[in-house]
Amino acid sequence: METEIMASQSILVVGGAGYVGGHTCKALATAGFRPVVFDNFTTGHRDFVRWGPVVDGDIRDAVAVADAIRSHDIAAVLHFAACAYVGESVTDPQKYYDNNVAGTLSLLRAMLNAGCSRLVFSSTCAIYGQPDEVPIGEATAPNPVNPYGASKLMVERILSDYARAYDIRAIALRYFNACGADPDGEIGELRDPETHLIPRAMMALQGYIDDFQIFGSDYSTADGTAVRDYIHVSDLADAHVAALRRLLDGQAGGAYNLGTGQGFSVKEVLDAIAAEAGEALPEARGPRREGDPAALIADARQAQDVLGFSPKYSDLPTIVRTAWAWHRRAHPRRNAEPEQR
Ligand SMILES: NC(=O)c1ccc[n+]([C@@H]2O[C@H](COP(=O)([O-])OP(=O)(O)OC[C@H]3O[C@@H](n4cnc5c(N)ncnc54)[C@H](O)[C@@H]3O)[C@@H](O)[C@H]2O)c1
Ligand SMILES: O=c1ccn([C@@H]2O[C@H](COP(=O)(O)OP(=O)(O)O[C@H]3O[C@H](CO)[C@H](O)[C@H](O)[C@H]3O)[C@@H](O)[C@H]2O)c(=O)[nH]1
């Protein structure tokens, strides 16, 4: 019998030069797909593009996206492109609704024009706002408390309306706290400015910031600091491959939480970082950051059941070890000698 050799399918990874998109390109290549990055490099990194070709472009340019889909014979789109700073979304909502919502409408127009109908979308636990109960299941009523979360919820709504009306099938993946770095050390988390707990703590250890603080010690949690569900970026990447396969198999779209179901407090995360680095962090405690809920923990059983989601790297020591290995390279220690005044 003749064996049919399938050419590897090309997947357009919009925002593929960023943190989660970059790791997902590696997972796609490992799984036998050909990732084609489409990115405007506002927050992305050229040296994160390692597993396939790149098209420089903006998702708000529907003609450029449609051209990329046609010229690379794209089978499906993974959509990571967005602005993703919660605080900035409050002070500059226009930027968020323009890039995240209008940008996605433009991307969808390009997909419809070019005949590409499968999409995996990066959503977030921010769509839930400040829910009263954890763990948070997908049926929890969404109630975003900032324009970033609102923009992601709007896109989810658009995707379900488009799925009903047009030939579009989409899976939204609602990540909780993405963290860690590629276990092989190829890429990691690199932003400017950096607002996230783990990279900020590591930048403080390496002498890059001197204002690191624990935001709030008076939450109703075991040690008073806020609790989050930290999910390793490589596990997120694998979940994207699983969601993609489901869509390419012709199965239904939907929305799935991605987390571990286990929460760690800020204090517990910092203790794990100190243990890995062999060095204590400054114990500076500041006020709560506005809009931060006390605890966000995922109920990710639907992702386990439907996508076979089974995190491999999301134990706290592995998260911290991979992040620290990357950060020491991205931010070599500086200011070893205290400045003379
Ligand atoms: N990092 C997290 O903890 C987290 C949690 C939940 C959801 N998300 C979502 O996951 C996605 C990826 O997040 P990330 O942390 O990797 O962010 P990131 O900033 O590292 O990546 C975003 C990428 O999209 C590109 N981009 C932005 N706007 C674009 C546009 N108009 N056209 C083309 N490219 C554009 C950027 O240059 C960058 O490469 C985002 O949609 C974010 O909202 C992230
Ligand atoms: O310097 C810091 C930075 C953060 N924190 C605390 O650490 C916890 C985690 O904060 P991150 O900024 O790392 O993450 P968030 O939980 O705020 O953000 C996550 O959820 C957001 C929605 O609420 C977005 O989806 C975002 O992309 C995602 O990382 C929070 O309690 C925060 O107050 C500190 O104590 N000090």
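Counting starts at 1 for both ligands and their atoms, in listed order. Along the sequence shown, residues carry numbers from 1. Owing to the predicted nature of the structure, the values given are computational and were not obtained by experimental measurement.
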Protein heavy-atom partner closest to [atom] - residue, atom, separation in Å:
{"atom": "atom 39 (O) of ligand 1", "result": "D39 OD2, 2.6 Å"}
{"atom": "atom 21 (C) of ligand 2", "result": "V86 CG2, 4.0 Å"}
{"atom": "atom 3 (C) of ligand 2", "result": "T195 O, 3.4 Å"}
{"atom": "atom 44 (C) of ligand 1", "result": "Y175 CD1, 3.8 Å"}
{"atom": "atom 28 (N) of ligand 1", "result": "N99 ND2, 3.0 Å"}
{"atom": "atom 13 (O) of ligand 2", "result": "L197 N, 2.8 Å"}
{"atom": "atom 36 (N) of ligand 2", "result": "Q213 O, 2.8 Å"}
{"atom": "atom 19 (O) of ligand 1", "result": "T43 OG1, 2.6 Å"}
{"atom": "atom 2 (C) of ligand 2", "result": "F215 CE1, 3.3 Å"}
{"atom": "atom 1 (O) of ligand 2", "result": "R200 NE, 2.9 Å"}
{"atom": "atom 19 (C) of ligand 2", "result": "N177 ND2, 3.7 Å"}
{"atom": "atom 30 (C) of ligand 1", "result": "N40 ND2, 3.2 Å"}
{"atom": "atom 41 (O) of ligand 1", "result": "K152 NZ, 2.7 Å"}
{"atom": "atom 12 (O) of ligand 2", "result": "R289 NH2, 3.0 Å"}

Which atoms of ligand 2 have any heavy atom of [X] under 4.0 Å away?
{"X": "D292", "result": "30 (C), 31 (O), 32 (C), 33 (O)"}
{"X": "A126", "result": "22 (C), 23 (O)"}
{"X": "A226", "result": "31 (O)"}
{"X": "V266", "result": "6 (C), 7 (O), 8 (C), 31 (O), 35 (O)"}

Note to self: Does any N or O of ligand 1 fall below 3.5 Å from an N or O anywhere on G21, backbone included?
What the structure shows: no
Note to self: Tell me whether ligand 2 is touched by Y148 - counting only heavy atoms on the residue side and a distance under 4.0 Å.
What the structure shows: yes
Notebook entry, point to check: Hey, does Y230 sit under 4.0 Å from ligand 2 if you only count heavy atoms?
Noted result: yes
Note to self: Donor-acceptor check, side chain of T30 to backbone of K26, threshold 3.5 angstrom: yes or no?
What the structure shows: yes
Note to self: Between Y256 and Q304 (side chain of the first, backbone of the second, donor and acceptor by atom type, cut-off under 3.5 Å), is there such a pair?
What the structure shows: no
Notebook entry, point to check: Do the two ring centres, one from F80 and one from H240, sit under 6.0 Å apart?
Noted result: yes
Item checked: L296 N/O to ligand 2 N/O under 3.5 Å -> no
Check: Distance under 6.0 Å and angle within 45° of the ring axis: does R228 meet both against F264?
Finding: no
Checklist line | Ring-face cation contact, Y208 with R334, 6.0 Å cut, 45° max | finding: yes
Contacting atoms of ligand 1, where contact means under 4.0 angstrom from a heavy atom of [X]:
{"X": "F176", "value": "5 (C)"}
{"X": "S122", "value": "9 (C), 10 (O), 11 (C), 41 (O)"}
{"X": "G44", "value": "36 (C), 37 (O), 38 (C), 39 (O)"}
{"X": "G57", "value": "32 (N), 33 (C)"}

Item checked: Criterion side-chain hydrogen bond (donor to acceptor under 3.5 Å, both in side chains) against H232, the qualifying member of D182, D238, D315, T322 -> T322
Check: Can you list the steps and then say if V269 with L197 is a side-chain contact (heavy atoms from CB on, under 4.5 Å)?
Finding: CA-CA 9 Å; V269 171; L197 174 66; 3.9 Å; yes
Check: Does G103 have a heavy atom less than 4.0 Å from any atom of ligand 1?
Finding: no
Next item on the list: Answer with yes or no whether S123 contacts ligand 1, where contact means a heavy atom under 4.0 Å from a ligand atom.
Entry: yes
Check: In the hydrophobic clustering that connects Ile, Leu, Val, Met, Phe, Trp and Tyr at side-chain heavy-atom distances below 4.5 Å, which members other than Y219 occupy its cluster, ordered by chain and number?
Finding: none
I'd like the name of whichever of [options] reaches closest to [atom] through any heavy atom.
{"atom": "atom 40 (C) of ligand 1", "options": "F38, Y230, F80", "result": "F80"}
{"atom": "atom 28 (C) of ligand 2", "options": "R228, E194, H196", "result": "H196"}
{"atom": "atom 8 (N) of ligand 1", "options": "Y19, F41, Y148", "result": "Y148"}

Check: Strictly by modelled atom types, are D167 and Y162 linked by a side-chain donor-acceptor pair under 3.5 Å?
Finding: no
Notebook entry, point to check: L78 versus T24: any side-chain heavy-atom pair under 4.5 Å?
Noted result: yes
Margin query: For H45, which part has a heavy atom under 4.0 Å from ligand 1: side chain, backbone, both, or neither?
Written below: neither
Notebook entry, point to check: Is it the side chain, the backbone, both or neither of R191 that has a heavy atom closer than 4.0 Å to ligand 1?
Noted result: side chain
Notebook entry, point to check: Going by the angle between their ring planes, with limits at 30° and 60°, are W326 and F48 parallel, tilted or perpendicular?
Noted result: perpendicular
